[in-house]
J.: 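Below you will find the structure I want to go over with you.
Both ligands and their constituent atoms are indexed starting at 1 by order of listing. This chain uses plain numbering: 1 for the first residue, then up along the sequence.
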Amino acid sequence: MPQKRDKKSSKGRLDKYYYLAKEQGYRARSAFKLVQLNKKYGFLEKSRVLIDLCAAPGGWLQVASKYMPQSSLIIGVDLAPIKPIPNIVTFQDDITTEKCRQNLRQEMKTWKADVVLHDGAPNVGTAWTQDAFSQSELVLMSLKLATEFLVKGGTFVTKVFRSKDYNNLIWVFQQLFRKVEATKPPSSRNVSAEIFVVCQDFIAPKKLDPRFLDAKAVFAELEQEEKSKQVDIFHPEKRKRHREGYEDGNYTMHKKVDIMEFITAQDPILVLGSYNQFVFESDESKVLLKHESTTEDIKINVEDLKVLGKKDFKQLLKWRSSIREERKMDSKAEKAKVETAEVEPADDDEIIEAELANLTKEEAARVKRARRKANEKRAKTLQRMQLNMVVPADIGMEQEGPSGHQSLFGLSKINKLGALQEVRKGDMTLVDNLESFDDDVDYHVDEVETKPRDPDEYVDSDDGDFELEDQLDAMYENYIERQSERDAKYKVKKMRAKENEWKGFDAQKDSDDEEDGDDSETGERRKDKDEDFSDDSDSESDEEPIPTLPKKKSKNPLLVDLSNEEAEMKMITKTGLTKKAAMFFDQDAFKGIEGIDLDGDDDDEEEEEDEDEDMAELDEDSEQEAQKVPTLNGKKRKAEEPLEEDDDESDFEIVAGAPEDELSQDEAWDGKEDKKSKDVRKAQEIGLITAEAMTLAKQLANKEKTKQDLIDEGFTKEAFRDKRALPQWFLDDEDRHNQVNIPVTKEAIKAVREKLKALDARPIKKIAEAKARKKFKANQRLEKAKRKATDIADNPDMSEKEKATSIGKLLQRATKAKPKKEVKVVVAKGSNRGVQGRPKGVKGRYKMVDSRMKKETRALKRIAKKNKKNGGRKK
Ligand SMILES: C[S@@+](CC[C@H](N)C(=O)[O-])C[C@H]1O[C@@H](n2cnc3c(N)ncnc32)[C@H](O)[C@@H]1O
């Protein structure tokens, strides 16, 4: 059920002045208007007598009493009752009446007022029943009272609304005061048409022409040229809205119209902007009132259109759309009719020009959208970084990367035509076809993105709506892209289990078909797979990029030529390693290890940057290399051999949910097949997990050994031993004593230890998240306190000392740690003996204790003490 809208909070009514007023005990936020006016003109401090006309609820009176000298005479009058304020005289009257004048006279006795204030508004507190003329009249009436009670040289402060009468009023003020200034204090809302006129130095003429204070004479209509009010039907939005005053010829402040006007209007936005209220008066609209889609929210919203928030606004437009749709008011025939009736036939040049203009506009919109998307993405990443949820390395991987030659696959591009699905299947024909009409892809994209808007669509969903749609689109695209990325990663992981070398899509096709089973695999299932890997990608920085492609130069626009990069990779560094190898050993895990510290040139920043960029890829390669080892060791299959997915003896068979086995990870590498699957899987996931793997990887990278050497070494007598017929006791014995002696270097052991240490030190995801959350909340608290402190600091109404204490208290509150929750100790005796779960009458955290536990704790303490005495030696 829709929530009732809180009128007070809409339009940001509860702004900082509202809170400040609350904090400082003012009855109304309007008090700050007088504070600010007085700050500018300084009339209160030097006054002894003040009259506040239209003073309820008394905010201005409070300010006056605060700033005026003690024992000043302050009188407040209003139609509404004013709650008593110490040392202030208040009474209830209509300031336009003689009675009010008499009462004032009585209170003033022989005194003259130094200041007369007037903040009256006829509409306040009631419905908008009065018109602007009454407001101006009220001002004139207050001026009349001011002229009667003001001392010569006194000040008159009044609120006026910008209207046709404004200039006339100012002219009258100028005849009676030497200095007249109109001003809008910062606390007066911009959306309000009110301004304040401060009239200083009252002339106090001996004789006053009564026409100055006669509304009829002052507001006599000036002869005005009746301007043509032709509405530009092609650009209705250009019609100037008189936000801060009244439309010519229309002096009513509150305008209402039957809701059918809004429903049937060609431009509903214009109607919305022109009226204050929609009413259900006509028969047709009465039917609408009972319509099921006319919710309470809609009914409330239409009561005051000037305070509509964006959500309300959209809600109202959507409601209008639904009604129009239901009544078939948007039929194309009708639209066409309107169009043909309104649009004049244009010549060819005009059409071309219009089209060009349209295209430029669309292009600009597209660029803007792209920029916004990029900004959103960046903001999101930054936010995640602030939450410590990512490390910079992650960011690099999340970035789309420069479009064009840098990115490996144009996944988003091929995805546009559903080709990604085909690629998943391994069918490259569609993708290859793309090559020939690459431009078309862009064309299609543009066409989709910049489809001209239906005029009614425009009307029915404001600009904000489109922005929202765009944002959602951006998020969705981002999501899809990530999904395809993950799909690729998923495939890579799977493929790695079967294949040593990437064969390209074509070679991969068959195995992929088998592997994916039916390619019509639902999105649901694919999502599941993604989820399996999602933890990986979210929490680990070592996300895996797509494997390198074959060197064969491909003309396919979707494939990036990496030959140059590969050549670069092969460059020999000063240390004698290939650049690729040097970069591999530049990883954190190898830092500080003498033998592996291969960075020969620390100062070469450029190279370092390059290395950073490619690190992920290299890491991947190295992992692949390392992961090939168990395959080669355990089973003699040549790297170049095609895969046989269904080979039962495949070393990389991943057993789903295989039970944990107790074998050491090292054993994963020595060719033992059955129980090692878990270790192999771990090795696949984590990469270089063992010292042996490190050693082999180092040897490979240093070119001490070739792949062939490793394959050859894999041919041991152990590798071919058929263990199926052997008894378990024998196998266990063999496992224990017949270990293949693999030479492991000191450095490798150290590196592995470092790596494991780093892994241990890394908090688990949940802890990291909780920490991030805690930090985020603390930041928020601090931000809030800062905001409040700024408000206090800006408050002109507080002394420096007051400000300092308030801010101090605020910060103290913000930084104060929450008291630790107490744990109640409950002794398990009496009614609590043998109680399962929470004992009766115990709230919050508790701990059950019993006498046995007490004795045991004491005994433990005693033993510990004894041991300490004996220097830790046991007897
Ligand atoms: C904006 S409020 C004044 C707020 C006041 N300055 C304060 O700070 O609390 C306007 C007031 O004008 C009063 N008012 C309007 N017409 C009046 C009239 N003819 N005579 C007396 N008061 C009137 C309303 O009752 C309302 O309380």
J.: What do you reckon, does K159 have a nitrogen or oxygen under 3.5 Å from a nitrogen or oxygen of ligand 1?
T.: no

J.: Mind checking whether A121 contacts ligand 1 via backbone (N, CA, C, O), side chain (CB onward), both or neither, at a 4.0 Å heavy-atom cut-off?
T.: backbone

J.: Could you check if a side-chain atom of F219 sits within less than 4.5 angstrom of a side-chain atom of L140, using non-hydrogen atoms only?
T.: yes

J.: Using distance alone, with no hydrogens and no angle criterion, decide if T96 and D94 have a side-chain donor and acceptor under 3.5 Å apart.
T.: yes

J.: Of the listed options (T97, D119, L79), which comes nearest to atom 17 (C) of ligand 1 when hydrogens are ignored and any heavy atom counts?
T.: L79

J.: Salt bridge check: are D119 and K159 linked by an N-O gap of less than 4.0 Å?
T.: yes

J.: Could you say whether the N/O atoms of D52 and ligand 1 ever approach to under 3.5 Å?
T.: no

J.: Identify, by atom number and element, the atoms of ligand 1 in contact range of S30, meaning under 4.0 Å from any of its heavy atoms.
T.: 7 (C), 8 (O)

J.: Would you mind checking if E194 and K33 are paired as a salt bridge, meaning a charged N to carboxylate O distance below 4.0 Å?
T.: yes

J.: Within the 4.0 Å heavy-atom shell around L138, which atoms of ligand 1 are there?
T.: 16 (N), 19 (N)

J.: In this structure, is the centre-to-centre distance between the rings of W60 and Y26 below 6.0 Å?
T.: no

J.: Applying salt bridge (Lys or Arg N to Asp or Glu O under 4.0 Å) to D93 and K99, what does each step give before you reach the verdict?
T.: CA-CA 8 Å; D93 254 329; K99 192 177 148 242; 3.0 Å; yes

J.: If you count the atoms of ligand 1 from 1 in the order shown, which ones are under 4.0 Å from a heavy atom of D94?
T.: 18 (C), 19 (N), 20 (N)

J.: Record the part of L53 in heavy-atom contact with ligand 1 below 4.0 Å; permitted values are side chain, backbone, both and neither.
T.: neither

J.: May I ask you to decide if the ring planes of W319 and F262 are parallel, tilted or perpendicular, using 30° and 60° as cut-offs?
T.: parallel

J.: Counting heavy atoms only, name the option from V63, I82, D78 that's nearest to atom 11 (C) of ligand 1.
T.: D78

J.: Tell me whether the rings of F177 and F156 are parallel (<30°), tilted (30 to 60°) or perpendicular (>60°).
T.: parallel

J.: Report the part of A55 in contact with ligand 1, treating N, CA, C, O as backbone and CB onward as side chain, heavy atoms under 4.0 Å; options are side chain, backbone, both, neither.
T.: backbone

J.: Is there a polar contact between ligand 1 and V77, counting only N or O atoms under 3.5 Å apart?
T.: no

J.: Using distance alone, determine whether W60 and ligand 1 share an N or O pair under 3.5 Å.
T.: yes

J.: Under 3.5 Å between some N or O of ligand 1 and some N or O of G120?
T.: no

J.: Pairs of nitrogen or oxygen atoms closer than 3.5 Å, one from G59 and one from ligand 1: do any exist?
T.: yes

J.: Looking only at N/O atoms, are I95 and ligand 1 under 3.5 Å apart anywhere?
T.: yes

J.: Going by the order shown, which atoms of ligand 1 are within less than 4.0 Å of some heavy atom of D93?
T.: 20 (N), 21 (C)

J.: So which of L143, I95, V157 actually passes side-chain contact (heavy atoms from CB on, under 4.5 Å) with H118?
T.: I95

J.: Within a strict 4.5 Å, meaning less than it, do heavy atoms of the T90 and L61 side chains meet?
T.: yes

